[in-house]
Amino acid sequence: MRQMLLNIYFYLLEEYGPQGWWPLVDYNGCNPTKTGTVSGYHPGNYDIPKTRDQIFEIGLGAILTQNTGWPQVEKVLKTLQRKNCLNPERILDMDNETLIENIKPAGYFNQKARKVKIFTEYFINLAQDKIPTREELLALWGVGPETADSMLLYGLKVPTFVVDAYTRRILSNLGIINEKYTYDGIKDLFEKNLPQDLIIYQEYHALIVEHAKRFYYKGADYKKCPLLQRVEL
DNA sequence: AACCAGGACGTGA
DNA sequence: TCACGTCATGGT
């Protein structure tokens with residue numbers, strides 16, 4: 001298992017290169033070869049995020065991207081940035097109507113506005129340099145396992161593995177898991193068979209998303225996935 | 001012009 | 001627990 005997961009990782013890394021997640025709107029670099037993205041990625045730079053506002057931006061984006069494509073989230077983030085509202089204080093001050101209006105392009109705007117407010121209040125009241133636990137994040141209404149793990153892995157640099165629908169789809173197609181694996185079961189599979197390394201975890205999840213966008217979109221023929229030939233069962 | 005996206009929550013069995 | 005229904009815009 002360990003060797004198989006490593007094989008997949010290095011194949012994806014060789015194929016697509018470092019992904020530079022999590023994207024930040026105020027980062028000027030970009031990777032134009034990436035599918036369906038506009039800007040904000042910072043491949044090879046693992047020092048990001050540096051500021052408190054950038055950490056907040058990642059948490060915000062993690063909520064906004066729930067079941068939603070990144071380009072639509074980016075639109076929202078850029079709007080907030082243009083209004084100088086891409087920080088927890090201004091978001092908390094914003095009246096709900098305005099916040100809802102700003103979030104609209106990302107969909108589920110009523111729910112997401114509420115989620116954002118709850119997260120923002122939590123973030124502001126968080127003691128400086130205090131790193132929240134996974135359980136604390138999960139206790140917030142609107143923060144589920146993938147959102148919590150994304151915040152930890154990309155925003156707070158905690159080596160915790162992020163699982164998403166694509167991860168499940170790929171592992172299932174490769175015959176590594178069956179349908180009844182839970183989120184935490186899949187997470188454990190990676191964490192128990194990979195070195196506990198921040199960069200590997202960050203890249204692995206991002207690479208899975210990049211690969212899945214090409215071979216595992218809805219309606220795709222999963223048999224065309226090149227991993228099927230690279231990985232022995 | 002349907003169909004779907006880097007999920008999470010509420011509900012009833 | 002679990003299997004559904006709900007939330008919603010905009011891109012392809």
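Chain letters run A, B, ... following the sequence lines, proteins first and then strands; every chain starts at 1.
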Quiz prompt | Check ion pair A:Arg230-A:Glu14 (N to O, under 4.0 angstrom) | solution = no
Quiz item: Is the backbone N or O of A:Ala106 less than 3.5 Å from a side-chain atom of A:Lys75, with the two atoms forming a donor-acceptor pair by type?
Solution: no
Practice problem: Let me see the working for A:Leu5 and A:Tyr204 under side chain to side chain contact (heavy atoms under 4.5 Å, CB included), right down to the final yes or no. | Solution: CA-CA 10 Å; A:Leu5 292 178; A:Tyr204 209 145; 4.1 Å; yes
Quiz item: Taking DNA chain B as the partner, which of residues 132-149 of chain A come within under 4.0 angstrom of it by heavy atom?
Solution: A:Leu140, A:Trp141, A:Gly142, A:Val143, A:Gly144, A:Pro145, A:Glu146, A:Thr147
Practice problem: Report the distance from atom CG of A:Leu64 to atom P of C:dA8, rounded to the nearest whole Å. | Solution: 13 Å
Self-check item: Gap in Å between the two C1' atoms, one belonging to B:dG10 and one to C:dT9, rounded
Solution: 22 Å
Exercise. Could you state the atom-to-atom distance from CZ of A:Arg214 to P of B:dG6 in whole Å?
Key: 14 Å
Quiz item: What is the distance from CD1 of A:Ile170 to C1' of B:dG6, rounded to the nearest Å?
Solution: 12 Å
Quiz item: Is it the case that A:Thr182 and A:Lys187 place a side-chain donor and acceptor less than 3.5 Å from each other?
Solution: no
Exercise. Taking only the side-chain heavy atoms of A:Tyr166 (C-beta and beyond), determine which of B:dG6, B:dA8, C:dT9 contains the nearest atom.
Key: B:dG6
Quiz prompt | Results of side-chain hydrogen bond (donor to acceptor under 3.5 Å, both in side chains) for A:Asp184 - residues two or more places apart only | solution = A:Arg134
Quiz prompt | Atom-to-atom span, OH of A:Tyr216 to P of B:dA5 - whole angstrom | solution = 15 Å
Quiz prompt | Candidates A:Tyr201, A:Trp22, A:Tyr41 - the one meeting ring-ring contact (aromatic ring centres under 6.0 Å, His included) with A:Tyr154 | solution = A:Trp22
Exercise. Grab the CH2-C1' distance between A:Trp22 and B:dG6 for me, whole Å please.
Key: 7 Å
Self-check item: Spacing of the C1' atoms in B:dG6 and C:dG5 (rounded, Å)
Solution: 22 Å
Quiz item: Atom OH of A:Tyr183 to atom C1' of B:dC9: distance rounded to whole Å?
Solution: 16 Å
Quiz item: With a 4.0 Å cut-off, would you call A:Lys117 and A:Glu121 a salt bridge?
Solution: no
Self-check item: Basic-acidic side-chain contact under 4.0 Å: A:Glu57, A:Arg52
Solution: no
Quiz item: Looking only at atom C1', what distance separates B:dC4 and C:dT6, rounded to whole Å?
Solution: 16 Å
Quiz prompt | Lys/Arg-Asp/Glu bridge criterion (N-O < 4.0 Å) met for A:Lys213, A:Glu210 | solution = no
Self-check item: Per-pair stack call A:Trp21 and B:dG6, 5.5 Å, 30°
Solution: yes
Where do N or O atoms of nucleotides 4-7 of chain C meet protein N or O atoms at under 3.5 Å, pair by pair?
{"from": "C:dC7", "atom 1": "O2", "to": "A:Gln111", "atom 2": "OE1", "distance (Å)": "3.3"}

Practice problem: With the side chain of A:Lys75 defined as its heavy atoms from C-beta on, choose the nearest nucleotide among B:dC4, C:dG10, B:dG6. | Solution: C:dG10
Quiz item: Given the P atoms of C:dG10 and B:dA8, what is the spacing between them in whole Å?
Solution: 23 Å
Self-check item: Whole angstrom value for the distance that separates C1' of C:dA8 from NZ of A:Lys115
Solution: 12 Å
Quiz item: Has A:Lys112 got a side-chain N or O lying under 4.0 Å from the OP1 or OP2 atom of C:dT9?
Solution: no
Exercise. Please determine, by modelled atom types, if A:Gln66 and A:Lys115 share a side-chain donor-acceptor pair under 3.5 angstrom.
Key: yes
Exercise. Return the value, rounded to whole Å, for the distance between atom NZ of A:Lys187 and atom P of B:dG6.
Key: 20 Å
Quiz item: Do A:Tyr217 and B:dG6 have a side chain to base donor-acceptor pair shorter than 3.5 Å?
Solution: no
